[in-house]
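Residue indices begin at 1 and follow the sequence shown.
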Amino acid sequence: MNSIKFKNFLRTLWKYKYVILAYLLVLFLTIPLFSLCKSAVPSADDFVYGAAARQAYVETGSVFSVAVAAAKHTINRYLFWQGTYSSIFIMSAQPAVFSLNLYRIAAFVLILICFLCPLFLAYVLNKYMFKSKDKVLYILSAIYSFLVLQFWASVLEGIYWFNGAWYYTFSFEMVILMIAVTVIFEKTQSRRARIVSYIFMLLLSFFLGGTNYPQLLMLTVGYSFFILMIFIRRNPKKWMYVANWLALGIFIAINAFAPGNMGNYAKHVNLQYTALCMLQNFTSEVTSNAAYGLSLASLLTAFPFIAKMSEKSDMKFIKPVYLAIASFLTVFCMYMPSAFIFHNAGPLRQQNARTMAELLLLFVNIINCIGYYVKKEKGQKFSLNPAVSAILIVMLIGTSFSGDKLMKAWSIRAEYSILGMEVSRFTGRMNDIFSELEDENIKSVDLTSIPTNEMLMPDVYSFINYDVNGFYGKEEVIYKKD
């Protein structure tokens, strides 16, 4: 019996051999980023948001007390700072409240989430939309995750700094999960699965309604286009989607019109050149990032497999021009908050989120375009000239790696830092520092020679200018810059 199960297991592995190889390759190339997780340290707003929860944990040792303290801090921030309630709660109960090791584990987990959520979406689309045995979507999901991790604006604010990473990166992965759950609700034949998936949709709407503002704009525009399409196609579940859309709208309104936001709008609003600034930031980010050319090269390489999968499916594809317009407006509005308030591109974590959204919609648009024309030309062979395709792929890869674009890949930068012993020196010194900070018997800590690293802590001010002594309950923390 066990022998039969083992043989079936081997057959399954063989059936997914190319998917497994693809993920083994991208995970191998991501090893330097996984390796840096053991060097991640809290900094900046980690100390500000987590101080109350840390104090509660030191005094009681209770996770429930931490949750209560985080909830109280969330309410305070909602009233006097901003309305991002779900994100503030997570940042207030951040893992450094419990230990430095847990903080580092959170970074490792987030990298895994960046692979698992797109993979789950690929699985759901493959099973419910394309109803295909082809594996191309799984491989494309691996490529998508890899390119995001390698070529977004900041790996520090994307992975290693909890406050920024879980505010933006984790929140966007939950958007991907929301899409997958919506597909399950739409296509499953199981009544129980429909109920469970709809409950998850509502829970995710509650969570996503309390996240960052670029994402709120993206959700507002994107979900509104989705509702419009649902009505055009006379979907029988349309009122269920409308109910979830209204629920999401209520949660977004609770966030956007928080008392704390009103003062911030009045202080920072700058209407001058907002649209121009948005356009400038959009074109600058898209043209300078190697990930876009590599994504197109990957999709062109996968063209025959996507066409074959689309031809077999009964999926109704959207007219490419309509999806392209909706996609552009969905991602373009993400540039508004920073351009509207600060008249610039915003912090790197916002740029990370925009890269994630733009790459995802690039993949979606190309796959939809191929599927649309395959279905339109049904009965005729729809293909690209192999020679032209090969030339385009080579050109896209060449331009993507021109100049120093390849050297900007975060795995390469991380490996150079590891080989140059910079990471080792940083980790050793920061371990000593946090050992003293976490020791309750030490009331006064003298921090000298604070190290820096572009991927882990780019400057000492993100450490020394924040209330470290308040977070760790020290009577005095003395700083001295190297």
Side-chain angles (χ1 to χ4, degrees), residues 118 121 125 140 143-144 147-148 151-153 168 171-173 175-176 178-179 182-183 208 211-233 245 248-249 252 271 273-300 303 306 316-341 343-346 349-373 376 392 396 399-400:
L121 177 59
L125 291 174
L140 289 175
I143 293 170
Y144 165 78
L147 291 177
V148 164
F151 294 107
W152 54 8
Y168 283 87
S171 296
F172 189 82
E173 295 301 333
V175 172
I176 293 177
M178 175 76 148
I179 297 169
T182 302
V183 172
L208 293 171
T211 55
N212 61 81
Y213 296 113
Q215 188 169 285
L216 291 186
L217 287 170
M218 177 193 74
L219 285 168
T220 301
V221 175
Y223 212 121
S224 297
F225 277 116
F226 171 71
I227 293 295
L228 178 62
M229 185 183 71
I230 287 296
F231 272 86
I232 290 172
R233 292 189 171 182
W245 179 58
L248 178 61
I252 289 174
L271 292 172
Y273 305 128
T274 296
L276 184 61
C277 183
M278 290 169 64
L279 187 60
Q280 180 183 358
N281 293 334
F282 173 77
T283 54
S284 175
E285 289 179 22
V286 171
T287 55
S288 63
N289 196 324
Y292 299 98
L294 293 173
S295 297
L296 287 171
S298 303
L299 289 161
L300 277 173
F303 177 89
I306 298 171
K316 293 180 180 178
F317 294 93
I318 304 168
K319 197 167 185 178
V321 66
Y322 296 154
L323 183 60
I325 292 169
S327 298
F328 173 75
L329 293 175
T330 299
V331 296
F332 190 63
C333 69
M334 295 180 74
Y335 291 82
M336 184 180 291
S338 55
F340 180 68
I341 298 173
H343 198 50
N344 59 31
R349 52 193 175 275
Q350 286 190 12
Q351 296 176 43
N352 286 350
R354 294 195 292 257
T355 297
M356 295 171 78
E358 287 159 3
L359 282 179
L360 180 65
L361 288 173
L362 176 62
F363 275 76
V364 169
N365 273 267
I366 298 298
I367 292 169
N368 176 77
C369 186
I370 294 170
Y372 179 84
Y373 285 107
K376 187 178 180 181
L392 284 172
L396 286 166
T399 54
S400 297

Show, in sequence, the C-alpha distance, side-chain angles and deciding distance for N352 and Y168, and conclude whether the side chain to side chain contact (heavy atoms under 4.5 Å, CB included) test is met.
CA-CA 8 Å; N352 286 350; Y168 283 87; 5.8 Å; no
My understanding is that only residues two or more places apart in sequence, or in another chain, count here; which of them pass side chain to side chain donor-acceptor pair (under 3.5 Å) with T211?
Q215
Output the distance between atom OG1 (T220) and atom CD1 (I252), rounded to the nearest 0.5 Å.
3.5 Å
Would Y144 and I176 count as a side chain to side chain contact (heavy atoms under 4.5 Å, CB included) here? Give the steps.
CA-CA 12 Å; Y144 165 78; I176 293 177; 4.1 Å; yes
Heavy-atom closest contact (S298 atom, L140 atom, distance)
O-CD2, 4.4 Å
How long is the gap from CG on L362 to CG on L299, to the nearest 0.5 Å?
6.0 Å
Would you please test L323 and V364 for side chain to side chain contact (heavy atoms under 4.5 Å, CB included) and show each step?
CA-CA 9 Å; L323 183 60; V364 169; 4.1 Å; yes
What do the steps show when you test L359 against F151 for side chain to side chain contact (heavy atoms under 4.5 Å, CB included), and what is the final call?
CA-CA 11 Å; L359 282 179; F151 294 107; over 6 Å; no
For the atom pair CG (L208) and CZ (F172), what is the distance rounded to the nearest 0.5 Å?
10.5 Å
Ignoring hydrogens, what is the shortest heavy-atom contact between A291 and L147? Give both atom names and the distance.
O-CD1, 3.8 Å
How long is the gap from OG on S338 to CE on M278, to the nearest 0.5 Å?
8.5 Å
Student check: side-chain heavy atoms of V175 and M218 closer than 4.5 Å:
yes
Shortest non-hydrogen contact from A357 toward M334
CB-SD, 3.7 Å
On a heavy-atom basis, which atom in I318 and which in N368 lie closest, and how many Å separate them?
O-ND2, 2.8 Å
Atom pair CZ (F303) and SG (C369), whose distance is rounded to the nearest 0.5 Å:
8.5 Å
Run the salt bridge (Lys or Arg N to Asp or Glu O under 4.0 Å) test against E285 and tell me which residues pass, sequence neighbours left out.
R354
Do W245 and S224 have side chains that get closer than 4.5 Å, going by heavy atoms?
yes
Shortest non-hydrogen separation from Q351 to G346 and the atoms involved:
NE2-O, 3.3 Å
Looking at every heavy atom in both N365 and S327, which two are closest together, and how far apart are they?
ND2-OG, 2.9 Å
Got a second to check how far L121's CG is from L360's CG, nearest 0.5 Å?
7.0 Å
A quick test of your reading: do over 12 heavy atoms of other residues, nucleotides or ligands sit less than 6.0 Å from CZ of F328?
yes
Measuring only between side-chain heavy atoms, which start at C-beta, is P118 closer than 4.5 Å to E173?
yes
If the plane angle is over 60° it's perpendicular, under 30° parallel, otherwise tilted; pick one for Y223 and F226.
perpendicular
